[in-house]
Protein chains: 2
Amino acid sequence: MNVECHNIIDNQMSVFSVLNADEKELLKRNSTCTYYKKNDIIYKEGDKPSGLICLSKGKVKIFKEGVGGREQIVRMAKPVGFIGYRALFAEQNYLASAEAIEDCVICTIEKETLFKILKTNYDLAFSIIRSLASELGFSNNRTVTLTQKHIRGRLAESLLFLKDTYGLEEDGSTIRVYLSREDIANLSNMTTSNAIRTLSTFASERIIVLDGRKIKILDFKGLERISELG
Amino acid sequence: MNVECHNIIDNQMSVFSVLNADEKELLKRNSTCTYYKKNDIIYKEGDKPSGLICLSKGKVKIFKEGVGGREQIVRMAKPVGFIGYRALFAEQNYLASAEAIEDCVICTIEKETLFKILKTNYDLAFSIIRSLASELGFSNNRTVTLTQKHIRGRLAESLLFLKDTYGLEEDGSTIRVYLSREDIANLSNMTTSNAIRTLSTFASERIIVLDGRKIKILDFKGLERISELG
DNA sequence: ACATTTGTATGTTTTTTAACATATTTTTAT
DNA sequence: ATAAAAATATGTTAAAAAACATACAAATGT
């Protein structure tokens, strides 16, 4: 049973909506569903992609190991979205690792089947082109801000990024993702100590409120100002 | 006359080799040739792409303006290669600027014509997918090294990157591109002063030889070691 | 030919941030 | 329930790199 895969492929909002019934059926027959627990590794740097991984439930961090094993988070994935497609389409091994930061449901579409369908579907191909091009713009942006902004600016930007990616809870201010201080640091190119310290400073300045891993944004404009200032 | 455009489109090695004679003819009729002097701006951050820009002769730097106007070079282009295609395919305005670092010949393929041909050519679409995916991998790599490596490591990596991108002159050691110290700094995420200082240090360590803007690499292994060490 | 600008070079100071040290709290395993 | 481990918090020190200052050389324009 891989009902989760079926749901994703049948979803009217997905990139697969352009496919006909036969094509969807073929994809479904060549997909597998996998469950991951929080902190499970989905793939590792150097692994060979076996298919297109679709995140159906849960949240995932994509990160690279840098100098001395220091981790840099390059992307945060949410459902419904694809992960690992860069390596798949570059026909390379993974250059980053993926880890579940919540329990996840994942649907993997077998590579050859996907490529077969891709060959005959311009819309599907073009939506992949658009995704990759957007992602590349984002990555270039990140390169500049992570290298040029100071700690406060980088952290402010990361908090806004998390808000934009995962949204807010019902209260309209709590970021809908719970990361460790270490993950926040690895996302923002700083040490864990500095992430903790700077979060505390933001809290003392009444820009955010901290409650364990819950982060409530009080002053959106303030955060944006800090982020833009660098 | 845009003979340069014709040469590019007819080139057996180019991505257009998969097209038939009619398609090539259509592209040629909808292409224009432009000449740029060294230091000319080809496009600016915020401009709207009007077509696929192909660099036929010369070298180009692609850079973003960051905090306080500080420049970060995100890509170096060489002939024959495309520039500005990220924005074109993301259907966005440019997020970076392109400037000729040598006199350049550029051929621009009109957007609508290209997209029309793209619709019917899986191979062309797939080669774009592959390019974007590779470029994204490169960008993610850069993000990590520019944020994590120390000055010496970043400079060493940049020198090796320039060597890999533009190759060496007949002597087998001089990097085949002449950049200002400022450009080297903007490529390596450091101040001009630090680029000059660190280049001097490398020279005094007999890793490189400096002669104006000519950089001769004496110790490739040494540079690689410094780059990997961080 | 000369002045002006631009690029290169190098020393000094200051700022930023990592590294280190050490509590304290929270979570996890037994 | 309790010990061990992991995560959070915060103060101190050290290292890295930016900022600043100044000098000199090379290229450019008139």
Side-chain angles (χ1 to χ4, degrees), chain A residues 37-40 61 66-72 99 101-103 144-158 177-205 208-215 226 229-230, chain B residues 37-39 61 66-72 99 101-102 144-158 177-205 208-215 226 229-230:
Chain A
K37 286 277 171 203
K38 182 175 167 176
N39 300 326
D40 280 355
K61 65 170 176 180
V67 178
R70 194 173 137 200
E71 181 173 307
Q72 176 65 50
E99 183 180 323
I101 58 168
E102 292 178 359
D103 292 357
V144 176
T145 62
L146 287 179
T147 55
Q148 295 193 357
K149 285 184 184 176
H150 286 174
I151 280 203
R152 283 170 63 89
R154 298 204 300 273
L155 182 62
E157 185 179 282
S158 288
V177 64
Y178 300 156
L179 293 177
S180 68
R181 302 295 195 258
E182 192 180 2
D183 279 339
I184 293 174
N186 293 340
L187 179 65
S188 314
N189 180 35
M190 61 185 67
T191 55
T192 307
S193 291
N194 276 329
I196 291 167
R197 210 188 307 268
T198 312
L199 281 171
S200 298
T201 310
F202 283 178
S204 75
E205 291 169 357
I208 60 173
V209 172
L210 295 170
D211 173 15
R213 293 190 175 185
K214 270 197 187 115
I215 300 174
I226 294 170
L229 213 87
Chain B
K37 285 276 170 206
K38 181 176 168 174
N39 300 327
K61 66 170 176 180
V67 178
R70 195 173 137 200
E71 182 174 304
Q72 175 65 49
E99 183 180 325
I101 58 168
E102 292 177 0
V144 176
T145 63
L146 287 179
T147 55
Q148 296 194 355
K149 285 184 184 175
H150 287 174
I151 281 203
R152 284 169 62 89
R154 298 204 298 273
L155 182 63
E157 185 180 281
S158 288
V177 64
Y178 300 156
L179 294 178
S180 67
R181 302 294 195 257
E182 193 180 2
D183 279 339
I184 293 174
N186 293 342
L187 179 65
S188 315
N189 180 35
M190 61 185 66
T191 56
T192 306
S193 292
N194 276 329
I196 291 168
R197 210 189 305 269
T198 312
L199 281 171
S200 298
T201 310
F202 283 178
S204 75
E205 290 170 357
I208 60 173
V209 172
L210 295 170
D211 173 16
R213 291 190 175 186
K214 272 198 185 115
I215 299 173
I226 294 168
L229 213 86

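All heavy atoms count here, side chains included; hydrogens, waters and symmetry mates do not. Computed from a predicted structure; not experimentally measured. So that the names make sense, note that chain A is the first sequence line, chain B the second, and so on, each numbered from 1.
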Quick one: [X] [atom1] to [N] [atom2], roughly how many Å, whole number?
| X | N | atom1 | atom2 | value |
| --- | --- | --- | --- | --- |
| B:Arg70 | D:dA17 | CZ | C1' | 10 Å |
| B:Asp183 | C:dT6 | CG | C1' | 13 Å |
| B:Ile151 | C:dT17 | CD1 | P | 14 Å |
| A:His150 | C:dT15 | NE2 | P | 12 Å |
| A:Leu199 | D:dT10 | CG | P | 11 Å |
| A:Leu210 | C:dT25 | CG | P | 17 Å |
| B:Arg181 | D:dA25 | CZ | C1' | 12 Å |
| A:Tyr178 | D:dT8 | OH | P | 14 Å |

Electrostatic pair A:Lys38-A:Asp103, nearest N-O below 4.0 angstrom:
no
| Distance-only donor-acceptor test, B:Arg213 side-chain atoms vs C:dG7 base atoms, 3.5 Å | no
Taking the minimum atom-to-atom distance to the side chain of [X], which one of [options] wins?
| X | options | result |
| --- | --- | --- |
| A:Arg197 | C:dT12, D:dA17, D:dT10 | D:dT10 |
| B:Ser193 | D:dA7, D:dT10, D:dA21 | D:dA21 |
| B:Ser200 | C:dT10, D:dT8, C:dT17 | C:dT10 |
| B:Ile196 | C:dA19, D:dA18, C:dT8 | C:dT8 |
| A:Met190 | C:dT16, C:dA18, D:dA18 | C:dA18 |

Quick check against the 3.5 Å criterion: does [X] have a side-chain atom that pairs as donor or acceptor with the backbone of [Y]?
| X | Y | answer |
| --- | --- | --- |
| A:Arg154 | A:Lys149 | yes |
| A:Glu71 | A:Gly66 | no |
| A:Gln148 | B:Val67 | yes |

Handout entry: A:Ser180 vs D:dA7: side-chain N/O to OP1/OP2 distance below 4.0 Å
Key = no
* Would you please confirm or rule out a distance under 4.0 Å between OP1 or OP2 of C:dT16 and any side-chain N or O of A:Arg152? => no
TODO: Classify the nucleic acid contact of A:Asn189 as base, sugar-phosphate or nothing, counting any heavy atom under 4.0 Å across all strands shown.
DONE: sugar-phosphate
Nearest heavy-atom approach of B:Tyr178 to B:Lys214 is OH-CE, 3.1 Å
